[in-house]
Amino acid sequence: MQTKLGGLALNIYDTLKERGYIAQVTHEEEIRKLLAEEKISFYIGFDPTADSLHVGHFLGMMVMAHMQRAGHRPICLIGGGTATVGDPSGRTDMRQMLTDEMIEHNCNCFKKQMQRFIDFTDDKALMVNNGEWLHKLNYINLLRDVGPHFSVNRMLTAECYKQRMEKGLTFLEFNYMIMQAYDFMELNHRYNCKMEMGGDDQWSNIIAGVELLRRKDETPAFGLTFTLLTTSEGKKMGKTAKGALWLDPKKTSPYDFYQYWRNVSDADVKKCLALLTFLPMEEVNRLGSLKDKEINDAKKVLAFEVTKMVHGEEEAIKAKEAAEALFSGSGVLDNVPTIKLSSNTIGSKIIDILVQEKIFASKGEGKRLIQQNGLSINDEKLNDIDKILSCEDFIDNSCMIKKGKKKYYRLILQ
RNA sequence: GGGUAGGUGCCCGAGUGGUUAAAGGGAACAGACUGUAAAUCUGUCACCGCGAGGUUACGAUGGUUCGAAUCCAUCCCUGCCCA
């Protein structure tokens, strides 16, 4: 897709750049030219370390989606082979090693989620597992083939290893870069893949592959990294109290997902809109420049758009309605996070019920929260720790619990 | 393999026989203020108990002691130096 702007056709490279995706590139002008003149295959690697993708992956998928729309072919490389090794980039501890069964299970989960964003029909995008070739590698052959093209001295100066020099780096992890470079070479041979993309933390690994292809095969190869999704404070985005912000609705509900984006800081709204939605840049700029209260509108758009992409329009509308009902006090409460209680819980202490329903991690935490005025029932602050849940707390069979400032739960009797 | 420094709560990090559930910082959570923002201020921050108090915890396992994160032994792991 050539985005029109002021009548001029924008190169996809410029689009990516304009939206703020690009962090580093190996050969800027050549890449720009290549992407304009040729439909290429490119790849992004995904490590199947969990059974769901999270927002970090989502950014990569946005890049792939943009590229695919522009006619290029994404290859999702699942690191089934590399996952058994562990990537040292930016890590302080070694990644746990996974069994083959776990990896396969995770791969299947990934593909299901990716299909929402990437069109895999007619080989318009590929998904391959590097276990296919890495498992078969022969040590001697590998050494002879690629060994001469890597300088250990150089590898050690790579940023990703520098940090590891202090904490310790095992040979196993050290090889990650070589395997990743090998992947690029393999994909180049198999699918004429010309470019590797990845998060900016992958820069070292990516240039390793680019250089390997250029040295060994004298094939032009390119690398590009995209901005890491960080907050204006430099922290990784997509972290919640419960851990990562997952794309799997079973792990992170669409409502919680929506709320996450509804609550990003002012400073991050524009960046998120540009990176995580397909809204035209004029709109992104307009929304991003709203000030004070107004920027809440931009956050609503962001939350809705991202939720829509990940969970579908229906779920996005439900999440939006639930949020409006809770925070603006209008509309139906049907889609608010709901907890069903059996009627024999009437007569138990509220605190015990909430601990049982995992709303409080422990009784101590619940008690503290109540003592600090952090719990409301039907909009009334609860200050009695021993309060017993009674029928009178239910209005139309529903009892609203508010934990802290903005976490709501609706109790329903069954 | 030899020498040496270490392994403390979500993270960093103090602590070297009792007054230590363990200083300090960060993160997180709650309250006030707000715009479902940020910043700021206040409070909380192992688990159970209303409380007194109890239970578990300082790499692992044993031991010394009235009493151990702190001492001893063995083991595991990591950094650095030497081979």
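First the proteins, then the strands, lettered A, B, ... as listed; each starts at 1. Predicted model, so just to flag it, every value in this text is computed and none were measured.
In this pair, A:Y408 and A:F327 present their aromatic rings perpendicular. The plane angle is above 60°, beyond the 30 to 60° band.
Between B:G51, B:A37, B:G31, one nucleotide has an atom nearer to the side chain of A:K381 than all others, and that is B:G31. The side chain of A:K363 sits closest to B:C48 out of B:U34, B:C48, B:A30. Here B:G35 is the nucleotide among B:G35, B:C48, B:U44 with the atom lying nearest to any side-chain atom of A:K299. Across B:G35, B:G31, B:U36, the shortest atom-to-atom separation from the side chain of A:R262 is found for B:U36. Side-chain atoms of A:K406 lie closest to B:A37 of the nucleotides B:G43, B:A37, B:C33. Looking at the side chain of A:A323, the nearest of the listed nucleotides B:U36, B:C47, B:A37 is B:U36. Checking B:G35, B:C50, B:A38 against the side-chain heavy atoms of A:N296 singles out B:G35 as nearest.
The separation of B:A30 from B:A38, taken at their P atoms, amounts to 12 Å, rounded to a whole angstrom. A distance of about 13 Å separates the P atoms of B:A21 and B:A46, rounded to the whole Å. B:C48 and B:G67 have their C1' atoms separated by 24 Å, given to the nearest Å. The P atoms of B:C33 and B:G24 are separated by 28 Å, rounded to the nearest whole Å. Nucleotides B:C58 and B:A69 place their P atoms 7 Å apart, quoted to the nearest Å. Taking atom P on both nucleotides, B:G25 is separated from B:U34 by 28 Å, rounded to a whole Å. Rounded to whole Å, the P atom of B:U40 lies 38 Å from the corresponding atom of B:G79. Between B:G54 and B:U36, the distance separating the two P atoms is 47 Å to the nearest Å.
Among the protein residues, A:Q259 comes within range of the nucleic acid bases, having at least one heavy atom under 4.0 Å from a base atom. As judged by a 4.0 angstrom heavy-atom cut-off over every strand, A:N373 is placed among residues touching the sugar-phosphate backbone only. Residue contacts for A:I295: at a heavy-atom cut-off of 4.0 Å it reaches a base atom on one of the strands shown.
The partner of B:C47 is B:G54, by the rule that a Watson-Crick or G-U pair needs both atom distances under 3.5 Å. With a cut-off of 3.5 Å on both Watson-Crick or G-U wobble distances, the partner of B:G79 is given as B:U4. Nucleotide B:U74: paired with B:A60 (Watson-Crick or G-U wobble, both distances less than 3.5 Å).
Between A:K402 and A:D379, no side-chain nitrogen of the basic residue sits less than 4.0 Å from a carboxylate oxygen of the acidic one, so the salt-bridge criterion is not met. Note on A:E315 versus A:K320: no salt bridge recorded, every NZ/NE/NH1/NH2 to OD/OE distance being 4.0 Å or above.
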(request) Start with the C-alpha gap between A:Y161 and A:F174, add the side-chain angles, then the distance that decides, and say whether ring-ring contact (aromatic ring centres under 6.0 Å, His included) holds. (result) CA-CA 8 Å; A:Y161 292 133; A:F174 186 58; 5.2 Å; yes
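Here the options are A:E28, A:E18, A:M67, the test is side chain to side chain contact (heavy atoms under 4.5 Å, CB included), and the partner is A:Y13; only A:E28 passes.
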